[in-house]
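The next block holds one structure in the form of structure tokens; read it before the comments.
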Amino acid sequence: MNKFLKNNFLLLVIILIAFVLRFYELGKNPPSLNWDETAHGYNAYSILKTDKDEYGYKLPLFFRSFDDYKPPLYTYLVVPSVFIFGLSDLAVRFPSATLGVFAVLFTYFMVLELFKKKEIALLASLFLAISPWHLQFSRVAFETNSATFWSVLGTWAFLRGIRSKNRKMTLWFSLCALAFGANLFMYHNARVFIPMYSLALLILFKDRLLKVKKYLIAPAIISVIFIIVLFPIITSVSGQLRYKGTTVFGDVSPLYKASEKILEDENQNQLLFGKIFHNRRLVYVPIIVQNYISHLTPTFLFFTADMERHHAPLMGLLYLWDLPFILAGIYFLIKNWELKTKVIIFAWFLLAPVASSVTWGTPHALRSEIYLPTFQIFTALGVYTLFIYIKQKKIFIFLTSSALLLNFLFYLHQYYVHMPQEYSKSWLFGRKEAAILSESLKKDYDRVIVSTKLEQPHEFWLYYLKYDPATYQREGGTVSGGFLEERNKFDKYLFKPIEYSKQKQEARSLFVGIPSEFPNDAQVIKKINYLNGEPAIFIVDGNSQPI
């Protein structure tokens, strides 16, 4: 035991750091769950209580949710968490934080297999442990963070399998197949990344794999089972809704632009060239290339990221400190390491943004988090190799560690002090308070009308009121989580657009909505503010008897 602790002391310290950073105030910061998190929570609660989701589907292989048809694995991981901790913010985020810690651990094992250098493995795992990108999504119930874990685990298992013999190969490759297969049911983007990345690994090691075919039967069967289960899902109308709602191929505007260009060329007697150069299939090429490159811009990576929910104020996804070491690491990887190691890391790095690149709203930190931990591996290689080359090692250690510590402390300050205050609106703060208060007031009203401008409010009210799933299903359950959400209702709650002047005449109603939905003379019972003091939600007494 003492020998184990001595040999792995630094790794244990890194895992402890990763654990503290992911679990400290996990249920409090970010300051509120967003709609996807409450959907995971309530559907897990419903599965636990009734074996059915909010729509009444029994043990589904995808969750309809807000008509975005989520892969099921994360929600099912929340089920035991809710069983242990109850339906709470901590329970919903617990699987993501846990897999975030394990991603740090298995990054160490994976990098050790790749480079056979304990120092590089320790550095890579440390840099992932304190990564703003990884921390941001480890502390919320977003499936993409868990997808990073399965990618790391599967790669490590594959590398162990390649270097093993006989039956051990079967065990390792089976673990790889399970990890990669699970990833297909974790996040949409993994359904693009994992097949391409797996193919790259198979091609890279084809000579070795062909010699041990008999040990690949079980892993192949596992892979086929995952494919058989997944195929009807992704080819169904429901399974393609998420793709059609986000892909650039689903937007007609490039087709219209192409048609306009062809008409212009026809008027200039250049129809043939117009059909070639403005072919609608070619129109998408510059869009996709631009989207792909956008994920590597310094502004996105080091300064502003994208939307507020994806980063802390004045922070990008990586530390500015990382930049020179990432560039150095890429150079040294190309120069110093064997071909297969280069191919594995660069295949991961180059394939990671492909799925996000064919969507609108790029660059997108959530859809491209599957990059990790390649950036941390580059950084570790840069730090390790420069340390070897530089003669003044003590000065190098002091300067680099001091700069990293300043970056890290600044990030923690921004995340824990400024983010809750400045970004509480983006985190949809106030829904919990509004739901609990409306529940305490509803006895004095015939109905409670909650505005759909609160963005999928039925999910927040179900979640925060812990409304009994069996009762909800008997009442009809969720009608639609997306475009027709105004038809959702339960108990006294109606979720629909507020038409205050009209609706207050129909019955004694309590209204919950955004400030702009009410006239100045409305009888406001409670004003709920965002944490920066800006008005968020009004709870208003309709103060009318039925006519």
Side-chain angles (χ1 to χ4, degrees), residues 21-22 24-40 66 68 89 92-93 96-97 100 130-145 148 187 189 245-246 291 294-320 353 356 359-372 407-434 453-457 459-460 514-516 528-537:
L21 291 175
R22 282 155 184 77
Y24 175 69
E25 293 191 346
L26 180 62
K28 297 179 180 179
N29 196 32
S32 176
L33 300 191
N34 81 335
W35 52 71
D36 284 320
E37 292 182 282
T38 55
H40 285 307
F66 308 123
D68 59 357
D89 295 2
V92 174
R93 291 172 172 171
S96 181
I130 63 173
S131 163
W133 201 344
H134 198 246
L135 279 170
Q136 187 75 17
F137 297 134
S138 289
R139 293 180 55 86
V140 292
F142 291 165
E143 305 99 316
T144 182
N145 179 72
T148 297
Y187 189 54
N189 282 16
T246 59
N291 287 351
S294 71
H295 290 91
L296 297 174
T297 58
T299 300
F300 170 66
L301 291 174
F302 299 103
F303 296 104
T304 63
D306 49 349
M307 63 183 68
E308 291 182 347
R309 283 199 304 274
H310 295 170
H311 68 105
L314 301 180
M315 287 291 304
L317 302 170
L318 304 171
Y319 297 112
L320 188 58
S356 182
T359 65
W360 295 113
T362 57
H364 199 285
L366 191 65
R367 297 172 192 161
S368 60
E369 198 211 343
I370 208 162
Y371 262 129
L372 306 183
N407 260 209
F408 176 57
L409 293 177
F410 177 76
Y411 164 72
L412 292 181
H413 176 75
Q414 295 299 112
Y415 185 88
Y416 284 100
V417 177
H418 291 280
M419 190 184 77
Q421 297 291 325
E422 297 180 27
Y423 291 172
S424 63
K425 182 176 183 178
S426 294
W427 283 104
L428 307 179
F429 180 83
R431 275 67 173 171
K432 176 181 180 179
E433 294 74 11
K453 289 188 177 181
L454 293 177
E455 300 174 272
Q456 311 295 350
E459 206 74 67
F460 288 93
I514 63 174
S516 62
I528 299 172
N529 294 332
Y530 295 116
L531 294 176
N532 63 359
E534 179 184 344
I537 300 172

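Fair warning: this is a prediction, and the values are worked out from it, not measured in the lab. Scope of the values below: all heavy atoms of this structure, side chains included, with no hydrogens, waters or symmetry mates.
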Next on the checklist: Between Tyr371 and His295, is the side-chain contact (heavy atoms from CB on, under 4.5 Å) condition met? List the steps.
Outcome noted: CA-CA 10 Å; Tyr371 262 129; His295 290 91; 3.8 Å; yes

Item to check | Worked check of side-chain contact (heavy atoms from CB on, under 4.5 Å) between Trp133 and Leu372 | outcome: CA-CA 9 Å; Trp133 201 344; Leu372 306 183; 3.8 Å; yes

Item to check | Chi angles and distances behind the side-chain contact (heavy atoms from CB on, under 4.5 Å) call for Asn29, Tyr24 | outcome: CA-CA 9 Å; Asn29 196 32; Tyr24 175 69; over 6 Å; no

Item to check | Test log, rule side-chain contact (heavy atoms from CB on, under 4.5 Å), inputs Tyr187 and Glu369 | outcome: CA-CA 11 Å; Tyr187 189 54; Glu369 198 211 343; over 6 Å; no

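Here the OG1 atom belonging to Thr359 is positioned 4.0 Å from the CZ atom belonging to Arg367, to the nearest 0.5 angstrom. Taking OH of Tyr415 as the start and CD of Gln136 as the end, the distance is 5.5 Å to the nearest 0.5 Å. Interatomic distance, Thr144 OG1 to His134 NE2, rounded to the nearest 0.5 Å: 9.0 Å. In this structure, NZ on Lys432 lies 5.5 Å from CG on Asp89, to the nearest 0.5 angstrom. In this structure, the separation between CZ on Arg93 and CG on Leu33 is 5.0 Å, given to the nearest 0.5 Å. Here the straight-line distance linking atom CD1 of Ile537 with atom CZ of Phe429 works out to 9.0 Å at 0.5 Å rounding.
A 6.0 Å sphere centred on OH of Tyr416 holds more than 12 heavy atoms belonging to other residues, nucleotides or ligands.
Aromatic ring centres of His310 and Phe137: separated by under 6.0 Å.
Ser96 places a side-chain N or O within 3.5 Å of a backbone atom of Ser138 that can act as its donor or acceptor partner. Of the possible polar contacts, one joining the Glu37 side chain to the Asn34 backbone as a donor-acceptor pair under 3.5 Å is found. Ser424 places a side-chain N or O within donor-acceptor distance of the main-chain N or O of Leu531, the cut-off being under 3.5 Å. Between the side chain of Arg139 and the backbone N or O of Leu21 there is at least one donor-acceptor pair closer than 3.5 Å.
By the 4.0 Å N-to-carboxylate-O rule, Glu455 lies close enough to Arg431 to be salt-bridged with it.
When every heavy atom of Pro515 is checked against every heavy atom of Pro535, the shortest pair comes out as CG-CB, 3.9 Å. Minimum heavy-atom separation, Pro313 to Tyr423: CA-OH, 3.4 Å. Smallest separation of non-hydrogen atoms from Ile370 and Thr148: CA-OG1, 4.3 Å. Taking every heavy atom of both residues into account, Ser131 and Leu317 meet most closely at OG-O, 4.3 Å. When all heavy atoms of His311 and Met419 are compared, the closest pair comes out as O-SD, 4.0 Å.
For Arg309 and Trp35, the positive end sits near the middle of the six-membered ring, less than 6.0 Å away and at most 45° from its axis.
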Side-chain atoms of residues 297-305: list all donor-acceptor pairs with protein atoms under 3.5 Å, sequence neighbours left out, distances to 0.1 Å.
from   : atom 1 : to     : atom 2 : distance (Å)
Thr297 : OG1    : Ser294 : O      : 3.0
Thr304 : OG1    : Thr299 : O      : 3.4

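For the pair Tyr530 and Ser32, the minimum side-chain heavy-atom distance is 4.5 Å or more. A heavy-atom distance below 4.5 Å is found between the side chains of Arg22 and Leu135. Two residues are said to be in side-chain contact when any heavy atoms from C-beta on lie closer than 4.5 Å; His40 and Glu143 meet this criterion.
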